[in-house]
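Report on the structure given below.
Throughout, numbering of the chain's residues begins at 1 and tracks the sequence. When reading the values below, keep in mind they use all heavy atoms of this one structure, side chains included, and skip hydrogens, waters and symmetry mates.
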Amino acid sequence: MLNNKKILVTGACGFIGSYLCKRLINDFKCEVIGVDNLNDYYDVSLKEDRLDYIGKDRFTFIKLDISNKDDVDRLFKDYKFDIVVNLAAQAGVRYSIDHPDVYIESNIIGFYNLLEAIRYNPVEHFVYASSSSVYGGNEKIPFSTDDKVDNPVSLYAATKKCDELLAHAYSKLYGIACTGLRFFTVYGPMGRPDMAYFSFTNKLVNDDKIKIFNYGNCKRDFTYIDDIVEGIVRVMDSKPVDNYKIYNIGNNHPENLMDFVKTLSECLIVEGVLDSSFDIDEHMELVEMAKGDVPITYADVSELEKDFGFKPSTSLKDGLSKFAKWYKEYYK
């Protein structure tokens, strides 16, 4: 059981990290040590507000970059962790095209530093964030963890695939229990401003047009934040057979991008973020596919459901309504 465990969460000021920390503290009375480098990839004040959301009860925050091996080694010597959850990563597919260095440092070197630290400071379970992007140009849907993932179409995806390979090697060499989680398009309140639903909202509020890639012929498996955290928590509590496993965590229901935009605008209108007379059709610009993007993401979550009796189920309308309500309170 997770109750009263000492847990390291990297990327604690991130979207998923902050929700996970709060859940572990509130529901399982864990002692959580959260680390984050607080970089300026997006508004740092939002990350600081997430820290306030977590609170200080049973929570210790340390500003630390996992790409610094000395700092990581010192962290593991100072604390004897039961479980490590690595959510620290440089995110963003398109950003990786022009800023490759930071992806190598955080997503590969930082990941390696954690594995090395765990090698010499054993923990019960190492759970880490992978990504649906590893499926790359996979044309078979839904995406299954049994599918080959050897065709990444972005550097971000390649770094996440590399993490999975490193974890596999360390699990076999040193007996480290490792579970990777391929997240599918996570959204919700306090999310990342670079994600479509958030950046679209910012543009629509300012009466700007939004770009709809691949002329609207894209589908995404949008997964609400609470479902993601529920999946993580269930996985954390169970070491994999043979010390290595990968799961998809997605809504198992891809949404057409045009339908997604219309649902988002409706929720924003209901919550008063946009005026009741707002016409979303006048604010869309259909453009070609962006470099590094894929036309569809679609999670096969049968393994998650079989092993843990859980599959994400929050509808897009419910999730976007909660986001819209938060957005109005936070920015208005």
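In this structure a side-chain-to-backbone donor-acceptor pair under 3.5 Å is missing from Tyr174 to Tyr120. Formation of a donor-acceptor pair under 3.5 Å by the Asp221 side chain with backbone atoms of His253 is found in this model. At least one donor-acceptor pair under 3.5 Å links the side chain of Ser18 to the backbone N or O of Phe15. Proximity of a side-chain donor or acceptor of Lys47 to a complementary backbone N or O of Asn39 within less than 3.5 Å is detected. In this structure, Lys325 contributes its side chain and Cys267 its backbone to no donor-acceptor pair below 3.5 Å. The backbone N or O of Ile66 lies less than 3.5 Å from a partner atom in the side chain of Asn113, making a donor-acceptor pair. Here the side chain of Lys160 pairs a donor or acceptor atom with the backbone of Ala129 at under 3.5 angstrom.
By the neighbour-count criterion of 12 heavy atoms within 6.0 Å, atom NZ of Lys140 is densely surrounded, having more than that number from other residues, nucleotides or ligands. Heavy-atom neighbours of Asp40 CG from other residues, nucleotides or ligands within 6.0 Å: at or below the threshold of 12. For NZ of Lys211, the number of neighbouring non-hydrogen atoms (other residues, nucleotides, ligands) closer than 6.0 Å is 12 at most. Heavy-atom contacts from other residues, nucleotides or ligands closer than 6.0 Å to NZ of Lys6 number more than 12. Residue Lys219 places its NZ atom among 12 or fewer non-hydrogen atoms of other residues, nucleotides or ligands, all under 6.0 Å distant.
Cation-pi geometry between Arg182 and Tyr135 is met: under 6.0 angstrom from the ring centre, within 45 degrees of the axis. Geometrically, Lys22 engages Tyr53 in a cation-pi contact defined by less than 6.0 Å to the ring centre and at most 45° from the axis.
Ion pairing between Asp293 and Arg94 holds under the 4.0 Å rule for side-chain N and carboxylate O. A salt bridge is absent between Asp78 and Arg74; no separation between the charged side-chain nitrogens and carboxylate oxygens falls under 4.0 Å.
Checking Tyr128 against Glu164 by side-chain atom types alone, no donor-acceptor pair falls below 3.5 Å. Under the 3.5 Å distance criterion, with hydrogens and angles disregarded, no donor-acceptor pair is assigned to the side chains of His125 and Asp82.
The aromatic ring centres of Tyr187 and Phe323 sit 6.0 Å or more apart. In this structure, the ring of Phe126 has its center less than 6.0 angstrom from the ring center of Phe111.
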